[in-house]
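Shown next, in structure tokens, is the structure this report addresses.
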2 protein chains.
Amino acid sequence: MPLIDSALLALADPTRRAILARLAKGEATVMELAAPFDMSQPAVSHHLKVLEQAGLITRGRRGTSRPCRLAPDGLADVESWLTGLRAAMESNYDRLDALLAEDDPQQET
Amino acid sequence: MPLIDSALLALADPTRRAILARLAKGEATVMELAAPFDMSQPAVSHHLKVLEQAGLITRGRRGTSRPCRLAPDGLADVESWLTGLRAAMESNYDRLDALLAEDDPQQET
DNA sequence: AATCTATATAAATAAGTTTTTATGTAAAGG
DNA sequence: CCTTTACATAAAAACTTATTTATATAGATT
């Protein structure tokens, strides 16, 4: 599956977004990440695997724990896709505006 | 399901992203949207329903056809969540930079 | 009214997701 | 070495998604 697909799919889950939000404040272990959720540890481990495979986080090793951190440009593809769509939308509105202005100010909004 | 969840889930499918990209260039009917894809019409109708329920498109009626267009601020929630995460990441980097600069330039990257 | 056009809905299936419990593993500490 | 700590993996159940074929519907055309 393309990375952008897995990234968006990963982001579609509120638990995973909360994990990313936590990691934005700095590195954390699996236990630390799991603590806020009413969910088993394996479930959280699974979410982390999904995030890792989507390129959104990376995992290190320190003793018996596996600290997670955000992948610095894991969101790049998603952000750039959204930016591109936004740009296309706006250039379309501009063309519409131009058309309306030029040839019929009575057109509906 | 929260709108942001369904929006991200909707965006996670490449067919649906292609549909949105097409709509960014202007309104289109279901047949027009379906044409580029090697997929049945009901499958496309289903994708459109997913996009509509996610607040990403709206549908009108004109004769027997149902023209689709982008919902102007359907992406707002997604964009603002991403912006927020980005901001949190960067303020964290800033704090890290500050710490490293202030107290130990030998720290690892 | 009969039919055509554009689209929606339904039923079925195949595949994927989320979550749990149970179990495995690798590093640390006594 | 034995145990504890922190985590991963496996198997299973419940649910959701993507897609197809077949059928229904609503408006336009004749």
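Computation of the quantities below employed the complete heavy-atom set of this structure, encompassing side-chain atoms and omitting hydrogens, waters and symmetry-equivalent molecules. Residue numbering restarts at 1 for every chain, and letters A, B, ... go by the order of the sequence lines.
Base contact: H46(A) has a heavy atom under 4.0 Å from a base atom. Using a 4.0 Å heavy-atom criterion, one finds that S65(A) contacts the sugar-phosphate atoms exclusively. No engagement by R62(A) is indicated, since no non-hydrogen atom pair under 4.0 Å with the nucleic acid exists. Nucleic acid contact for T15(B): none, since no nucleic acid atom lies under 4.0 Å from a heavy atom of the residue.
When distances are taken from the side chain of R66(A) to each of dT18(C), dA10(D), dC7(D), the shortest belongs to dC7(D). Of the candidates dT19(D), dT5(C), dT9(C), dT9(C) carries the atom nearest the S45(B) side chain, counting heavy atoms from C-beta on. Picking from dA22(D), dT17(D), dA26(C) the nucleotide with the shortest atom distance to the side chain of P42(B) gives dA22(D).
T83(A) and E79(A) share no side-chain donor-acceptor pair at under 3.5 Å.
Atom CG in L51(B) sits about 14 Å away from atom C1' in dA18(D), given to the nearest Å.
The side chain of H47(B) places an N or O atom within less than 4.0 Å of a non-bridging phosphate oxygen (OP1 or OP2) of dT19(D). In terms of phosphate contacts, K49(A) brings a side-chain nitrogen or oxygen within less than 4.0 Å of OP1 or OP2 of dT9(D).
For Q41(B) against dA6(C), no side-chain N or O and base N or O form a donor-acceptor pair under 3.5 Å.
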